[in-house]
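First up is the structure itself, then whatever we jot down about it.
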2 protein chains.
Amino acid sequence: MKMFKIPEATVSRLSVYSRFLSKLDKKGIITISSGEIAEGVGVGAAQVRKDLAYFGEFGTRGVGYNVKDLHQHILKILGLTTSWPVVVIGAGNLGTALCLYDGFRERGFNIVAMFDVDPLKIDKEIEGITVYSMEKLGDIIKEKEVKMGVIAVPAEYAQQIADLLVKNNICAILNFAPAVIKVPEEVQLRNVDLSVNLEILTFNIVNNVKNLY
Amino acid sequence: MKMFKIPEATVSRLSVYSRFLSKLDKKGIITISSGEIAEGVGVGAAQVRKDLAYFGEFGTRGVGYNVKDLHQHILKILGLTTSWPVVVIGAGNLGTALCLYDGFRERGFNIVAMFDVDPLKIDKEIEGITVYSMEKLGDIIKEKEVKMGVIAVPAEYAQQIADLLVKNNICAILNFAPAVIKVPEEVQLRNVDLSVNLEILTFNIVNNVKNLY
DNA sequence: GACTGTGAAGCCATTCACAGCT
DNA sequence: AGCTGTGAATGGCTTCACAGTC
């Protein structure tokens, strides 16, 4: 296959466009221009067109894009036409919140199991999702064909959990622990670092950086 | 004031360096080189030096950086030498998890109050943090001199909550709702979009993008 | 007339490579 | 000899501007 060198920023915008289009579609809107998408999601119109152009020609000159059609294309591009089973490691507050987060379900992610080391949590259910002991991780990943794992454990355990996920052939990890973790290059890793995000804000406040949006 | 054009990527790395240095400091390590920092946080050595060089000359040629010293400088740069009071809007699962998140406290963020519209939650305490009705927002922001607000409400209410925060003179907003929100340019805004992060991973899996770390 | 698709230009961040200290 | 600080080179993303299409 081809498909070369898509900027990551483009991918994350596609995800945002997709949500926007889904809203438009529900409202029954048929056609939309790059300018209107741009306005709706807060980017430039040229940016929208360029992002889409990486993947083909979805629009009609003089008219715009068909909402349903474009939306389907983007879902396809993002791999969201099928549902993704996901495991969450760590049944603390954050792990639990992520499990119950509607945003995941709405986008086709399906939390199939949680894992924890705490005997008080193991074998309990949290809103229909069972918490398993770590030993079951491999079995469940295999059984449910899980490709993605979410790490929501304390920083000091993040690396060993990551290693465990890797050993069980996970394809991608979303890490919420405030820790730098290392994985083999064939495993996808993204970090969502909550305090880093707040700290960028404090930096900006303290240095009164002009916002650029 | 001076201090111009710092890449946002640099700021977020500073935050990561800072955490790394704090770990080193606790271990009693006195001196460190850019190469070792680079290794520890997974970036290039030149990157580390350039990031630091935006703010001054903190190292000694031929030797490296003094851990304590550099750490203090970075905390100062990020505005973390003082504690920041924060409010969280939305006392659902996510809002609650964020309130209890240790990573915030450890870095000097202090959640002073939560807010919600649900009468069942209002005036209850969650681990020492009181949930107030939305009407109290203005008073508490003023009384506690809150500069930062965290939005953890459903997407459809995110914009009106943001407007409310802005009206009450908040300086910065961290938005967890999967929604595009607009604020005046003098207000700092960052979005942490949980599903976007998972969707980047699905994209990468589906298009088997080589990881670059 | 309106709007897409796209090469070219512009801008910004990262990496290189080396001069300058210790 | 070792390591920082930095100008210059590179690479990548965004914006511009316009030709092409409906």
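Every chain is numbered from 1 and lettered A, B, ... according to where its sequence line falls, protein lines coming before strand lines.
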Review point. Which nucleotide, D:dG5, D:dC13, C:dT15, lies nearest any side-chain atom of A:Ala9?
Key: D:dC13
Check your understanding: Nearest-Å distance, CD1 (B:Ile32) to P (D:dT4)?
Key -> 10 Å
Point to revise | Nearest heavy-atom neighbours spanning B:Ala91 and B:Thr96 | key: O-OG1, 3.3 Å
Review point. Between C:dT4 and A:Ser34, is there an OP1 or OP2 to side-chain N/O distance shorter than 4.0 Å?
Key: yes
**Study point:** Rounded distance in Å - CZ (B:Phe55) to P (D:dT6)
**Key:** 14 Å
Practice item. Please state how far atom CD in B:Glu57 lies from atom P in D:dC3, giving the value in whole angstrom units. Key: 18 Å
Review point. Expressed in angstrom and rounded to an integer, what is the separation of B:Asp51 atom CG from D:dT4 atom P?
Key: 13 Å
Exercise for review: Could you work out which one of D:dT14, C:dT6, D:dA8 sits closest to the side chain of B:Lys50?
Suggested key: D:dA8
Check your understanding: Where the side chain of A:Arg49 is concerned, which of C:dC3, C:dG5, C:dT14 is the nearest nucleotide?
Key -> C:dG5
Exercise for review: Report the distance from atom CG of B:Leu52 to atom P of C:dT14, rounded to the nearest whole Å.
Suggested key: 13 Å
Point to revise | Length of the line joining B:Ile6:CD1 and C:dT14:P, which is rounded to integer Å | key: 12 Å
Check your understanding: Does OP1 or OP2 of C:dA19 have a side-chain N or O of B:Arg61 closer than 4.0 Å?
Key -> no
Check your understanding: Is A:Glu199 salt-bridged to B:Arg190, cutoff N-O under 4.0 Å?
Key -> no
Revision key, fill the gap. 5'-most contact on DNA chain D (nearest-nucleotide basis), A:Thr60 vs A:Pro7, goes to A:Pro7
Check your understanding: Checking all strands, does A:Gly59 fall into the base, sugar-phosphate, or nothing category for heavy-atom contacts under 4.0 angstrom?
Key -> sugar-phosphate
Point to revise | Among D:dA17, D:dC13, D:dG2, the nucleotide that comes nearest once only the side chain of A:Ala46 is considered | key: D:dA17
Point to revise | Side-chain heavy-atom pair B:Phe109, B:Leu98 within 4.5 angstrom cut-off | key: no
Review point. Taking OH from A:Tyr65 and P from D:dT21, how many angstroms apart are they, rounded to a whole number?
Key: 16 Å
Point to revise | B:Tyr54 side chain, from C-beta outward: closest of C:dC3, C:dT14, D:dT15 | key: C:dT14
Check your understanding: Side chain of A:Lys5, base of D:dG11: donor and acceptor closer than 3.5 Å?
Key -> no
**Study point:** Under 3.5 Å: donor-acceptor pair, side chain of A:Ser33, backbone of A:Gly64
**Key:** no
Exercise for review: For B:Arg49 and B:Ser34, test the side chains for any donor-to-acceptor distance below 3.5 angstrom and give the result as yes or no.
Suggested key: yes
Review point. When you check the phosphate oxygens OP1 and OP2 of C:dA13, does a side-chain N or O of B:Gln47 lie under 4.0 Å from one of them?
Key: no
Exercise for review: Report the distance from atom CD1 of A:Ile37 to atom C1' of C:dG5, rounded to the nearest whole Å.
Suggested key: 14 Å
